[in-house]
> 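The structure that follows is given in the form of structure tokens.
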Amino acid sequence: MPKPIMYHIPVCPFSQRLEILLDLKNMRDAITFRMVDITKPRDPALLAKTRGTTALPVLELEDGRIIKESLVILRYLEDRYPETPVAQADPYRRAVENMMIAMEGGFTNAGYAFVMNRDPEKRQAFADTMTAQYAKLDDFLNWQSPDGTFLFDKPGLTECVFTPMFARFWFLDYYEGYEIPSSLPRVKRWHDACLAHPAARQVSQEEIVKLYHDYAYGKGNGALPEGRTRSSFVMEPHWSKRPWPPRDKWGASPTDSALGLA
Ligand code: GAZ
């Protein structure tokens, strides 16, 4: 039986959204996952399928039709495999879920802009922007689920969307010393439960801190900090064989060999 193919980058948070959904549905085997190495030029055959765009994940259906954008793929998979629903069925509850999902862009941007900032004088402003994003989520949870842990009784579509970002933001803890303020206990409870859930274990803190090292030097998506020849995103040497990077991100980047990349 042919299966849909997911072209993905294993460490990409947008791809992890779909892995969490499939794990919650117990349906990982319904999809064939094909890994793409973003540090190498993109396969022209895949580029033709995506009409020249390079962002992943991309889902190719059995008949060759293409779906892009993680939130669109997420809802497609939910509709296509309805046996174990993850999204809310009731229209108002579905709307509540989607109101919270609508906050993901601002939240994601705040965290990435914060870790990529290279001006120590602006650090506090980035931290404040991050806290304002957590405060919005905290307020929403206090409105819709004040006594619960998740938005509804168990992890749903909203948790699929945000959990991968909570995992990436381990880099804020490590490189910025930033944690959710204790004045926001509701979002902290949600955050901790999302990360502790068995369906969210595709990446570890150690993997994120090592692979995303170059983001702390302002370089995303495989770009190189000055003086370096290999991205922290390369697949070899494997991250588990590299040392933990220094936490202080404000000087020049450590060398390839200091990072275990040589
Ligand atoms: N909106 C798309 C989706 O599917 O939701 C975003 C997909 C995406 O950006 N994928 C990245 C990609 O394939 C990998 S993960 N890049 C390779 C390429 O050649 O395009 C990127 C950001 C960002 C936050 C995170 C990431 C990231 O900005 O982790 O900006 C580019 C990329 C806040």
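For ligands, and for the atoms within them, numbers begin at 1 and follow the listed sequence.
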> Among side-chain atoms of Thr53 and Lys68, is any donor-acceptor pair under 3.5 angstrom?
yes
> Within a distance under 4.0 Å of any heavy atom of Arg42, pick out the atoms of ligand 1 and give their elements.
19 (O)
> So, Ser15 versus Tyr7: side-chain donor-acceptor pair below 3.5 Å or not?
no
> Distance to 0.1 Å, residue and atom name: give those for the protein heavy atom nearest to atom 5 (O) of ligand 1.
Ser70 OG, 2.7 Å
> If you scan the protein for heavy atoms around atom 22 (C) of ligand 1, do you find one that is closer than 4.0 Å?
no
> Is it the side chain (CB and beyond), the backbone, both or neither of Arg168 that lies under 4.0 Å from ligand 1, heavy atoms counted?
neither
> Which heavy atom of the protein is the closest neighbour of atom 19 (O) of ligand 1, given with residue, atom name and distance?
Thr54 OG1, 2.9 Å
> Looking at atom 14 (C) of ligand 1, what's its closest protein heavy atom, distance included?
Cys12 SG, 3.4 Å
> Under 30°, 30 to 60°, or over 60°: which ring-plane class applies to Phe166 and Trp190, parallel, tilted or perpendicular?
perpendicular
> For the side chain of Glu159 and the backbone of Gly156, is there at least one donor-acceptor N/O pair under 3.5 Å apart?
yes
> Does any donor atom in the side chain of Ser253 or Arg228 lie under 3.5 Å from an acceptor atom in the other side chain?
yes
> Below 4.0 Å, non-hydrogen atoms only: which portion of Asn221 touches ligand 1? Side chain, backbone, both or neither.
side chain
> Would you mind finding which of Leu18, Val36, Leu56, Val11 brings a heavy atom closest to atom 12 (C) of ligand 1?
Leu56
> Would you please indicate if the ring centroids of Trp170 and Tyr212 are separated by under 6.0 Å?
no
> In the protein, what heavy atom is nearest to atom 2 (C) of ligand 1, and what distance, to one decimal place, separates them?
Glu69 OE1, 3.3 Å
> Under 4.0 Å from atom 30 (O) of ligand 1, is there at least one protein heavy atom?
no
> Counting non-hydrogen protein atoms only, what is the nearest one to atom 17 (C) of ligand 1? Give residue, atom name and distance.
Ile38 CG2, 3.6 Å
> Tell me which protein heavy atom sits closest to atom 9 (O) of ligand 1, plus the residue, atom name and distance to 0.1 Å.
Phe14 CE1, 3.6 Å
> If the cut-off is 4.0 Å to any non-hydrogen atom of Pro13, which atoms of ligand 1 fall inside it?
29 (O)
> What atoms of ligand 1 come within less than 4.0 Å of a heavy atom belonging to Pro57?
4 (O)
> Over all heavy atoms of both residues, which pair between Ile180 and His191 is shortest? Give the atoms and the distance, please.
CD1-CG, 3.6 Å
> For Gln16 and Gln202, test the side chains for any donor-to-acceptor distance below 3.5 angstrom and give the result as yes or no.
yes
> For ligand 1, which is the ligand I care about here, please tell me if Arg17 has any N or O atom under 3.5 Å from one of the ligand's N or O atoms.
no
> Should you measure from each heavy atom of Asn109, which atoms of ligand 1 turn up under 4.0 Å away?
28 (O), 33 (C)
> Please determine which of Thr163, Val203, Val115 meets the side-chain contact (heavy atoms from CB on, under 4.5 Å) test together with Arg168.
Val203
> Ignoring hydrogens and geometry, is there a side-chain-to-backbone donor-acceptor pair from Arg17 to Phe162 under 3.5 Å?
no
> Consider only side-chain N and O atoms of Arg93 and Asn98, and report whether a donor and an acceptor are under 3.5 Å apart.
no
> Of the side chain and backbone of Ile9, name the one, both, or neither that has a heavy atom under 4.0 Å from an atom of ligand 1.
side chain
